[in-house]
Amino acid sequence: MSTVNLVYFSWVRERIGKGEETLDLPAGVVTIADLLQHLKTLGEEYEAALEHENVIRAAINQEHVDHKEPIAGAREIALFPPMTGG
Amino acid sequence: MSAPVIVRVQREDFDLNSEVAKLSSGRADIGAVATFSGLCRDEAGTLAALELEHYPGMAEAEIERICREAVERFSLQAATAIHRYGKIMPGENIVLVVTASRHRQAAFDGANFIMDFLKTSAPFWKKEHLGDGTTGGWVSAKDADDTARDRWSPK
């Protein structure tokens, strides 16, 4: 079991209903893809936010990563939609 | 000496002239300064405001990384990037990029490069507020922006 700080932005934040939370993750959660699968088991709001999994972007410790990235040692994991700044 | 890079993420507006002056004052080696500013459009009168959300910390770090890459790639002499967040009304500034180089092409290209990457990898999200008081929802990312970014990749 590992503990991680999660932060959410834009419509991911709105659909989940909070901007951040700290979660204990089961041992089987190794990568970002595993994390997304695990979150979807936590309730309808997570399912709605993460439904289109391939569009969800992730960052570990404030750096972009892809879904295959291992999350071991992550202090902060962010999940958000494609960016629309500029 | 590495070229100075200034990055700010702020709620308040910026002044284009003072940012250009800051970057070029006291230097006689700069031959070209290019500026780009992005403004909030009213979308033919339908948009009342944009609300910009950002990821504090990562937003600054990502823009800085992009600017440093541009400095390296185009041998820029200086680069400034400022991005606003919060509620922005039509006609107001959203983003400013200033680049300096010996000759014009590098300054133009550097600013273009910074904007293309900023749009696709700096963690900002725009939400629309419409003139009729309703929320128009989150702006969708455009494929055209990915295409613009990808043209800088080696073929």
Side-chain angles (χ1 to χ4, degrees), chain A residues 3-23 31-33 35-36 39 44-86, chain B residues 7 9-10 36-41 50-66 81-86 88 93-97 111-128 135-146 148-149:
Chain A
T3 301
V4 70
N5 295 316
L6 294 167
V7 288
Y8 310 122
F9 294 97
S10 182
W11 51 256
V12 174
R13 170 180 57 74
E14 286 185 344
R15 289 180 194 174
I16 290 177
K18 54 186 122 179
E20 57 189 303
E21 63 184 326
T22 302
L23 284 184
T31 63
I32 294 288
L35 174 67
L36 295 175
L39 289 172
E44 278 175 11
E45 64 275 30
Y46 292 89
E47 264 179 73
L50 307 174
E51 183 191 358
H52 302 290
E53 217 178 286
N54 54 334
V55 309
I56 302 292
R57 307 295 175 91
I60 294 181
N61 301 339
Q62 306 201 341
E63 283 187 36
H64 291 293
V65 295
D66 67 33
H67 288 194
K68 291 184 293 242
E69 188 75 11
I71 61 170
R75 292 183 307 277
E76 181 171 280
I77 299 176
L79 300 176
F80 45 81
M83 291 143 282
T84 55
Chain B
V7 170
V9 173
Q10 61 188 39
F36 171 83
S37 20
L39 286 75
C40 176
R41 287 183 302 266
L50 278 179
E51 199 176 321
L52 272 119
E53 180 172 339
H54 75 297
Y55 184 176
M58 182 171 170
E60 291 86 345
E62 197 63 24
I63 297 175
E64 169 130 12
R65 193 190 61 68
I66 295 164
I82 301 170
H83 204 303
R84 295 181 66 197
Y85 64 88
I88 295 178
N93 291 316
I94 300 175
V95 63
L96 174 69
V97 171
N112 214 350
F113 176 96
I114 290 169
M115 277 308 300
D116 282 348
F117 279 83
L118 191 150
K119 287 195 82 85
T120 51
S121 65
F124 289 86
W125 301 271
K126 292 192 185 104
K127 187 178 207 171
E128 293 182 333
T135 297
W138 294 95
V139 172
S140 299
K142 293 181 189 70
D143 289 343
D145 290 334
D146 287 339
R149 175 201 59 202

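Below, all heavy atoms of this structure are taken into account, side chains as well, without hydrogens, waters or symmetry copies. Letters A, B, ... mirror the listed sequences (proteins, then strands); counts begin at 1. This structure is a prediction, so every number in the text was calculated from the model and none was measured.
- Around CG of D66(A), the count of heavy atoms belonging to other residues, nucleotides or ligands within 6.0 Å exceeds 12.
- Heavy atoms of V7(A) lying under 4.5 Å from chain B belong exclusively to its side chain.
- Between chain A and the residues A61(B), G57(B), P123(B), S121(B), the most heavy-atom pairs under 4.5 angstrom are made by S121(B).
- For the residue pair W125(B) and P81(A), the shortest heavy atom distance occurs at NE1-O, 2.9 Å.
- A 6.0 Å sphere centred on CD of E20(A) holds no more than 12 heavy atoms belonging to other residues, nucleotides or ligands.
- Atom OG1 of residue T84(A) and atom NZ of residue K127(B) lie 11.5 Å apart, to the nearest 0.5 angstrom.
- Annotation: the span from W138(B) atom CH2 to R13(A) atom CZ amounts to 5.0 Å, rounded to 0.5 Å.
- Residue F9(A) holds its CZ atom at 11.0 Å from CZ of F124(B), rounded to the nearest 0.5 Å.
- Put simply, CG on D145(B) and CE on M83(A) are 11.0 Å apart, with the number rounded to the nearest 0.5 Å.
- For the set V139(B), L118(B), L50(B), D146(B), the entry with the most heavy-atom pairs within less than 4.5 Å of chain A is V139(B).
- Chosen from M115(B), E62(B), K142(B), the residue pairing most often with chain A at heavy-atom distances under 4.5 Å is E62(B).
- K126(B) contributes a side-chain N or O that, together with a main-chain N or O of G86(A), makes up a donor-acceptor pair within less than 3.5 Å.
- Looking at E14(A), the atoms closer than 4.5 Å to chain B (heavy atoms on both sides) all sit in the side chain, from C-beta outward.
- For the pair H64(A)/M58(B), a side-chain contact is recorded, criterion being any heavy-atom separation below 4.5 Å from C-beta on.
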Exercise for the section: Run the numbers on R65(B) and E63(A) for side chain to side chain contact (heavy atoms under 4.5 Å, CB included), then give the verdict. Expected result: CA-CA 11 Å; R65(B) 193 190 61 68; E63(A) 283 187 36; over 6 Å; no

